[in-house]
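A quick note: this is a predicted structure, and the numbers were derived from the prediction, not measured. Numbers here simply count residues along the sequence, with the first being 1.
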Amino acid sequence: MRAMNSWSQSGQTRLADRVQKILAAAGHGSRRKVESWIREKRLLIDGRVAEIGDQIEGTEKVTLDGKPLSIRGLQRAHRHIIYNKPGDELTSREDPEGRKLVFDSLPRLKGSRWVAVGRLDLATTGLLIFTTDGALANRLMHPSAEIVRKYSVRVHGNPSKAELEKLREGVELEDGRASFETIESGGGEGANRWFDVTLKEGRNREVRRLWESVGYKVSRLIRVAYGPLQLPRKLRRGKYEALTPAQVRLLYIAAGMAPPADDYKPPRKPRKAFKRRR
């Protein structure tokens with residue numbers, strides 16, 4: 001039995017590792033001692049005789065000579081960050097052309113990996129969410145969740161009211177009908193106009209293709225919000241910051257998942273020594 005990393009909806013990830021390492025870390029003896037139990041066929045994992053090389057994640061029932069062994073402390077809290085993507089990075093883990101990747105700018109992890117919530121094409125800048133909770137990421141990206149994405153977009157030209165209404169009502173693209181949920185003017189002068197638009201999908205280059213369908217080329221595109229999270233004004237491009245517990249909670253609720261338990265307890269203030277009067 002060789003377990004792989006699994007994802008839970010409780011906001012934590014259980015990391016698979018060799019059974020002797022896990023049991024030793026839990027204080028049940030040295031790794032060599034645990035290996036001797038395995039060779040003597042005294043150790044069971046979910047009722048099956050353990051083997052050298054088996055991995056566990058922390059949800060299994062482990063027994064020695066029929067007595068259960070506690071393997072608490074295997075869970076690690078998930079991590080979640082918000083990142084301001086520059087216009088020269090790919091939302092990808094590798095690139096044959098050797099271009100810079102968003103993952104190059106993220107903090108290094110041990111025992112887990114970052115999962116991007118959605119993608120932004122190379123020229124698009126702005127908000128990207130990264131999490132180590134794959135289940136959360138999948139839910140946030142699934143069309144059924146109907147998570148609203150908000151963009152600031154600059155187009156070359158001055159669209160008419162009729163053209164804007166068409167984008168609200170919907171147009172046929174090569175991969176199906178699409179539309180903006182809302183379109184609001186963001187100002188602009190000369191040949192360029194800014195608009196704030198929202199939509200509940202994440203199809204490839206959807207914002208750009210919608211504008212192109214009515215004859216306008218997008219010259220700037222910035223994602224400024226994803227669900228309940230907005231791009232912080234002070235977060236510079238190419239930088240990230242950790243989400244607060246309140247932001248994490250909002251993300252899980254938006255995804256229709258149970259928020260992680262808040263185990264944080266503020267430290268108690270030291271009591272002042274009581275001086276008895278004489």
- request: Go through the steps to decide whether V148 and L199 satisfy the test side-chain contact (heavy atoms from CB on, under 4.5 Å), and finish with yes or no.
  value: CA-CA 6 Å; V148 174; L199 69 168; over 6 Å; no
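Remark: Y83 engages E89, S105 in a side-chain hydrogen bond (donor to acceptor under 3.5 Å, both in side chains) (not counting sequence neighbours). E94 pairs by the side-chain hydrogen bond (donor to acceptor under 3.5 Å, both in side chains) definition with nothing, not counting sequence neighbours. In this structure, the side-chain hydrogen bond (donor to acceptor under 3.5 Å, both in side chains) partners of R209, at least two apart in sequence or on a different chain, are E174, D175. In this structure S152 satisfies the side-chain hydrogen bond (donor to acceptor under 3.5 Å, both in side chains) test together with D196, sequence neighbours excluded.
Annotation: salt bridge (charged side-chain N to carboxylate O under 4.0 Å, His left out) contacts involving residues 155-171, sequence neighbours excluded, comprise E165-R168. Here salt bridge (charged side-chain N to carboxylate O under 4.0 Å, His left out) pairs that include residues 228-246, with residues two or more places apart or in two chains, number zero.
Contact check on R149 versus E201 returns no salt bridge, with no Lys/Arg side-chain nitrogen under 4.0 Å from an Asp/Glu carboxylate oxygen. In this structure, D95 pairs ionically with R99, as a charged nitrogen and a carboxylate oxygen lie closer than 4.0 Å. With salt bridges taken as basic N to acidic carboxylate O contacts below 4.0 Å, one links D54 and R48. The pair D46-K61 does not count as a salt bridge, with every side-chain nitrogen at least 4.0 angstrom from each carboxylate oxygen.
Interatomic distance, L140 CG to I129 CD1, rounded to the nearest 0.5 Å: 6.5 Å. Atoms NZ and CZ, on K85 and F130 in that order, are 9.5 Å from each other to the nearest 0.5 Å.
By the 30° and 60° cut-offs, the orientation of the rings of F195 relative to W211 is tilted.
Side-chain contact check for D121 and T124: at least one donor-acceptor pair (N or O, by modelled atom type) lies under 3.5 Å. Checked by atom type, the side-chain pair H156/S219 shows no donor-acceptor distance below 3.5 Å.
Note on L106 and L120: same hydrophobic cluster, where clusters join Ile, Leu, Val, Met, Phe, Trp and Tyr whose side-chain heavy atoms are under 4.5 Å apart, directly or indirectly. With hydrophobic clusters built from ILVMFWY side chains whose heavy atoms lie under 4.5 angstrom apart, L128 does not share a cluster with L250. No continuous path of hydrophobic side-chain contacts links L127 to L122 [ILVMFWY only; heavy atoms under 4.5 Å].
Other residues, nucleotides and ligands place no more than 12 heavy atoms under 6.0 Å from the CZ atom of R249.
The minimum heavy-atom distance between V115 and A137, with the atom names listed, is CG1-CB, 3.6 Å.
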